[in-house]
Amino acid sequence: MDRVKTEGLTKIFGDIIAVNKIDLAVPEGSVFGLLGPNGAGKSTTVRLLCTLLRPTEGTAIVSGHDIRDEPLAVRQTTGLLPEEGSHTLYPRMSAYRNLEYFAKLYGIPDKDIPGRIEELLRFMGLWERRDDPAGELSTGNRQRLALCRAILHSPTVALLDEPTASLDPIAAKRVRELILSLAREYGITFFINSHNLAEVQRICDRVAIIDHGKILLAGETEEIRSQLGTGRVFRVRVVGDPSAALSVAESAEFVEEARLDDNTLVVKVRDPEANNSRLMMMLIERGVRILEFAQEEMSLEDVYLAVVDGGED
Ligand SMILES: Nc1ncnc2c1ncn2[C@@H]1O[C@H](COP(=O)(O)OP(=O)(O)O)[C@@H](O)[C@H]1O
Ligand SMILES: [Mg+2]
């Protein structure tokens, strides 16, 4: 069963089409990543899904409810960690009181509130910090508290908008681990906005790439990674200016894609068994000095750059 399903979902602000007829399906239990550069339409999509914005056209079913017709039911079954979500906590209230306040807003019965808060604070490793004012927690702990708040009312779907964007690498790693354990322990389906490829590749089992409001590619992370051709790329590290290497690669009819990554030429070659050594010879003949020639599985980053930028830097 799909926990999120959008149908021609569209949002237009004046003459900006922020979200352009997107069709997405997120099955129950998945950790889904909506990946795209700044301004691609990720936050607008999440705001539509949690009913903070109304679509211009199209609709979506979230946790079994239509965002147009049943916004209240959507909110009751959906959790939201907004962009910069930890800024929406009350800084002078303790961690515990913040959750208590939001639990009442969510309409959780009074008798259930202390148990639920303790369970979540313990799960997130924040129980010892429960009396600290939210504003005095470390950035990472504040984000964990915001995550607690997002799932306080036991939603079936949690929408997280750039959950690790402002965190240092260690705090970000911890938050990612917590997201994965929440998915396992509570069966929450996660819909995560991110511009961080490595993050999506690590924790999301499904991914869609969005740019200019349009979905360019969607599917299982592994599948997407190998979607373009053989799923293999060659990296040729050269000495000095790599632009000559790029022009050699671009002139070869068997090269499907070529781009530069610092002093490394990254190429996708048709029929690599046969053409790999041909490319090497061509480079040498043109006087390119090769430091290293490596063949790798294509990373999500290669796919991403190929679809978002058309393969050009
Ligand atoms: N409330 C708004 N009014 C006008 N334009 C908006 C509004 N919200 C977002 N946009 C525009 O919509 C596009 C998508 O924005 P957003 O969804 O925030 O992208 P992302 O989260 O991927 O960075 C951008 O061009 C942005 O400037
Ligand atoms: Mg955003």
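All values below come from the heavy atoms of this structure, side chains included, with hydrogens, waters and symmetry mates left out. Quick caveat, the model's predicted, so the values are computed rather than measured. Numbering of ligands and ligand atoms starts at 1, following listing order.
A donor-acceptor contact shorter than 3.5 Å is absent between the side chain of Arg206 and the backbone of Val26. Under the 3.5 Å distance criterion, the side-chain polar atoms of Thr56 are matched with a main-chain donor or acceptor of Ile12.
Closer than 4.0 Å to atom 7 (C) of ligand 1 lies at least one heavy atom of the protein. Under the 4.0 Å distance rule, the nearest protein heavy atom to atom 16 (P) of ligand 1 falls inside the cut-off.
At a 3.5 angstrom cut-off on N or O pairs, Ala40 counts as close to ligand 1. Any N or O atom pair closer than 3.5 Å counts here, and Ala18 shares no such pair with ligand 1.
Backbone or side-chain N, O or S atoms of Thr44 do not reach the Mg ion (ligand 2) at under 2.8 Å.
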Run the salt bridge (charged side-chain N to carboxylate O under 4.0 Å, His left out) test on Glu83 and Arg47 for me, step by step, so that the C-alpha distance in whole Å, both residues' side-chain angles and the decisive distance to 0.1 Å come before the verdict.
CA-CA 10 Å; Glu83 220 166 7; Arg47 289 190 197 118; 3.8 Å; yes
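If you number the atoms of ligand 1 from 1 as listed, the ones under 4.0 Å from a heavy atom of Asn38 come out as 23 (O).
Look at Arg270 and Glu253 and you find a salt bridge, because one of the NZ, NE, NH1 or NH2 atoms lies within 4.0 Å of a carboxylate O, short of that distance. In this structure, Arg202 does not pair ionically with Glu199, as no charged nitrogen and carboxylate oxygen lie closer than 4.0 Å. At a threshold of 4.0 Å, the pair Lys104-Asp110 counts as salt-bridged, since one of the basic side-chain nitrogens sits closer than that to a carboxylate oxygen.
Among Gly39, Pro37, Ser43, the residue whose heavy atom lies closest to atom 14 (C) of ligand 1 is Gly39. Within the set Lys42, Lys11, His212, Glu83, the minimum heavy-atom distance to atom 22 (O) of ligand 1 is found for Lys42.
For Glu83, the N, O or S atom closest to the Mg ion (ligand 2) goes by the atom name OE2.
Atom 1 (N) of ligand 1 has as its closest protein heavy atom Phe13 CE2, 3.5 Å. The single protein non-hydrogen atom nearest to atom 19 (O) of ligand 1 is Gly41 N, 3.1 Å, given as residue, atom name and distance. At the top of the distance list for atom 27 (O) of ligand 1, counting protein heavy atoms only, stands Ile16 CD1, 4.6 Å.
Taking CG of Leu147 as the reference point, atom OG of Ser86 lies at 11.5 Å (rounded to 0.5 Å).
Checking each of Ile61, Leu49, Thr59 against Thr6 for a side-chain contact (heavy atoms from CB on, under 4.5 Å) leaves exactly one that passes, namely Leu49.
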